[in-house]
Amino acid sequence: MFIQRIEMRELRMQLLHPFETSFGVTQERRILLIAVTDGTHTGYGEVTAGEGPYYSHETSETAWHVLRDFIIPNAVGKDIQRALEFEPFARGIRGHNMAKGGLETALWDLEARIKGVPLWKLLGGSREKIDCGVSIGIQPTIDKLLAKIDTEVKAGYRRIKIKIKPGWDVDVIRQVRQAFPTILLMGDANSAYTLADIDLFRKMDKYNVMMFEQPLHYEDIIDHAELQKHIDTPICLDESIHSAEDARKAIQIRACRIINIKLGRVGGHREVRAVHDVCRDNGIPVWCGGMLESGVGRAHNVALSSLENFSLPGDVSASKRYWKEDIVSPPVEVSPAGQISQRNDAGIGYSVKEELVQQLTVRSQVFTA
Ligand code: OSB
Ligand code: MG
């Protein structure tokens, strides 16, 4: 696998609906795409950083910088056998996992395309159909939220995640539960609370919520372990887990009973597999988180969700929930039963619409051997 050429692009893509979390509102995405070619095949990856440093310290801009100045120069012109050999290209670089993940995942797609196998099989996956959930942002009113949930449940989605924040929590959960007594329901706080809110979590504990995702500080595991002692609802960690080592420590101190795995947050498919394995060996189920990805990142998420321990529905949902027109063909589609089928074409299994990508591009840079 000769890394002859790497192209990095920034695309602007408008979300169909603004997405609100406890840390802010997103309407226009800045998507970084990485395309790597060996001269014959091209593999694609997506950097999942946000526009501002609110979910994590990384942004589209910091990822561009770190890839351009530190990671890509180590990679271009190199000849490797497998995507697993990505590690030296990022050696010594602390953090910036989303930047690393952008190139690492492109190499996996490239390897799969060269070998003529679907990426999900190369990753060692076995789930031909994955169960899908949705993540619903904070809404202007509870009625609007209930209407959104109704639409998604009717579309077949198997689990509903709502975003919570102080002032949009206990009463919202209570009313959603009243309107939908049997749905699989969870709340994601994106670190909006502290241990001073234990009583509030004990109140929400009564509504048969599947899990509370990242209720406390984005770097914490200690306080999460304390909170977990006071509530029956499982805690799921998102922001705090950047590696298999983080997962091992969190599980050891009982900071969580479920982990959300995000490709960018852990730095690529290799580390996804490592986190997945630590969790599996400790009886901790995982699910695939989302970062409002374009079709390229979404396709990678579909593929990695085929690993056996991805036993809970993920935030991997249809292209049409986000985009008027996605940059992959076909778009990612969810069946009426709430599942996405793996594709059997080589690589990520979706083709990239080059012309549309070109139209959406606001800057690009090419690196050649
Ligand atoms: O915390 O899971 C999160 C989106 C952006 C940043 C963080 C999160 C999210 C989501 C959306 O919940 C998941 C998706 O639909 O892509
Ligand atoms: Mg989350």
Side-chain angles (χ1 to χ4, degrees), residues 13 15-31 46-60 63 97-98 101 130-139 145 148-149 151-152 155 157-165 168 185-193 209-220 224 234-242 256 258-266 286-302 304-305 312-323 326 332 334 338 340:
M13 289 179 76
L15 287 168
L16 283 173
H17 311 283
F19 188 78
E20 182 171 347
T21 67
S22 63
F23 60 77
V25 184
T26 307
Q27 173 74 78
E28 189 187 50
R29 296 280 353 265
R30 293 175 67 176
I31 303 274
E46 176 169 339
V47 172
T48 64
E51 292 65 42
Y54 305 117
Y55 167 79
S56 83
H57 64 270
E58 290 189 86
T59 69
S60 313
N97 285 354
M98 294 173 181
I130 64 162
D131 292 347
C132 306
V134 287
S135 174
I136 302 179
I138 291 161
Q139 301 297 312
L145 175 62
K148 285 233 169 198
I149 295 174
T151 303
E152 305 297 12
Y157 287 101
R158 296 182 173 211
R159 183 225 65 195
I160 303 293
K161 159 166 143 184
I162 65 170
K163 293 288 189 176
I164 56 172
K165 67 173 183 181
W168 182 265
L185 175 67
M186 59 174 287
D188 184 0
N190 289 107
S191 301
Y193 298 91
V209 177
M210 205 182 177
M211 67 192 95
F212 296 126
E213 182 178 347
Q214 196 74 32
L216 310 179
H217 192 275
Y218 61 92
E219 286 176 321
D220 171 76
H224 280 97
I235 288 176
C236 168
L237 289 178
D238 172 354
E239 280 90 330
S240 297
I241 305 296
H242 303 98
C256 62
I258 300 172
I259 288 179
N260 158 342
I261 300 184
K262 287 185 183 166
L263 193 44
R265 201 191 66 227
V266 305
V286 302
W287 52 275
C288 181
M291 290 293 290
L292 311 173
E293 289 92 343
S294 80
V296 170
R298 202 164 293 282
H300 278 281
N301 287 343
V302 172
L304 71 87
S305 300
L312 299 172
D315 281 346
V316 186
S317 51
S319 296
K320 69 173 185 203
R321 291 190 65 244
Y322 305 82
W323 317 111
D326 203 345
V332 176
V334 171
I340 298 174

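Every number for a ligand or one of its atoms is a count from 1 in the order of the listing.
Protein heavy atom nearest atom 14 (C) of ligand 1, with residue, atom name and distance: Tyr322 OH, 3.4 Å. Ranking protein heavy atoms by distance to atom 13 (C) of ligand 1, first place goes to Gly290 O, 3.4 Å. At the shortest separation from atom 6 (C) of ligand 1 among protein heavy atoms lies Met291 SD, 3.6 Å.
Legend: residues meeting salt bridge (charged side-chain N to carboxylate O under 4.0 Å, His left out) with Glu152, ordered by chain and number and at least two apart, are Arg321. Lys165 meets the salt bridge (charged side-chain N to carboxylate O under 4.0 Å, His left out) test with Glu20; sequence neighbours excluded. Every residue two or more places apart in sequence or in another chain that forms a salt bridge (charged side-chain N to carboxylate O under 4.0 Å, His left out) with Asp315 is listed here: Arg159, Lys161.
Polar contact with ligand 1: absent for Glu239 (N/O pair, distance under 3.5 Å). Where the criterion is an N or O separation shorter than 3.5 Å, residue side chain and backbone included, Ser317 fails it with respect to ligand 1. Taking any N or O of Lys163, backbone or side chain, at least one lies under 3.5 Å from an N or O belonging to ligand 1. Inclusion of Tyr55 in the set of residues having an N or O under 3.5 Å from an N or O of ligand 1 is not warranted. The shortest N or O to N or O distance between Leu292 and ligand 1 is under 3.5 Å. Taking distance alone, with nitrogen or oxygen atoms compared against 3.5 Å, Asp238 approaches ligand 1 more closely than that limit.
Open room surrounds OH on Tyr54; 12 or fewer heavy atoms of other groups in view lie less than 6.0 Å from it.
Atoms of the protein (N, O or S only) found under 2.8 Å from the Mg ion (ligand 2) are Asp188 OD2, Glu213 OE2, Asp238 OD2.
Residue contacts with ligand 1 leave out Arg321, since none of its heavy atoms falls under 4.0 Å from the ligand.
For the residue pair Asp238 / Tyr55, a side-chain donor-acceptor distance below 3.5 Å is found, with atom types taken as modelled. Under the 3.5 Å distance criterion, with hydrogens and angles disregarded, a donor-acceptor pair is assigned to the side chains of Ser317 and Tyr322.
Counting atoms of ligand 1 from 1 in the listed order, those under 4.0 Å from a heavy atom of Asn190 are 1 (O), 3 (C). Proximity to Lys262 (heavy-atom distance under 4.0 Å) selects the following atoms of ligand 1: 1 (O), 2 (O), 3 (C), 7 (C), 8 (C). When each atom of ligand 1 is checked for a heavy atom of Glu213 under 4.0 Å away, the hits are 2 (O).
Counting only heavy atoms from C-beta outward, the side chains of Ile164 and Tyr193 approach each other to under 4.5 Å.
Remark: of the listed residues Gln214, Glu239, Glu213, Glu213 is the sole one forming a side-chain hydrogen bond (donor to acceptor under 3.5 Å, both in side chains) with Asn260.
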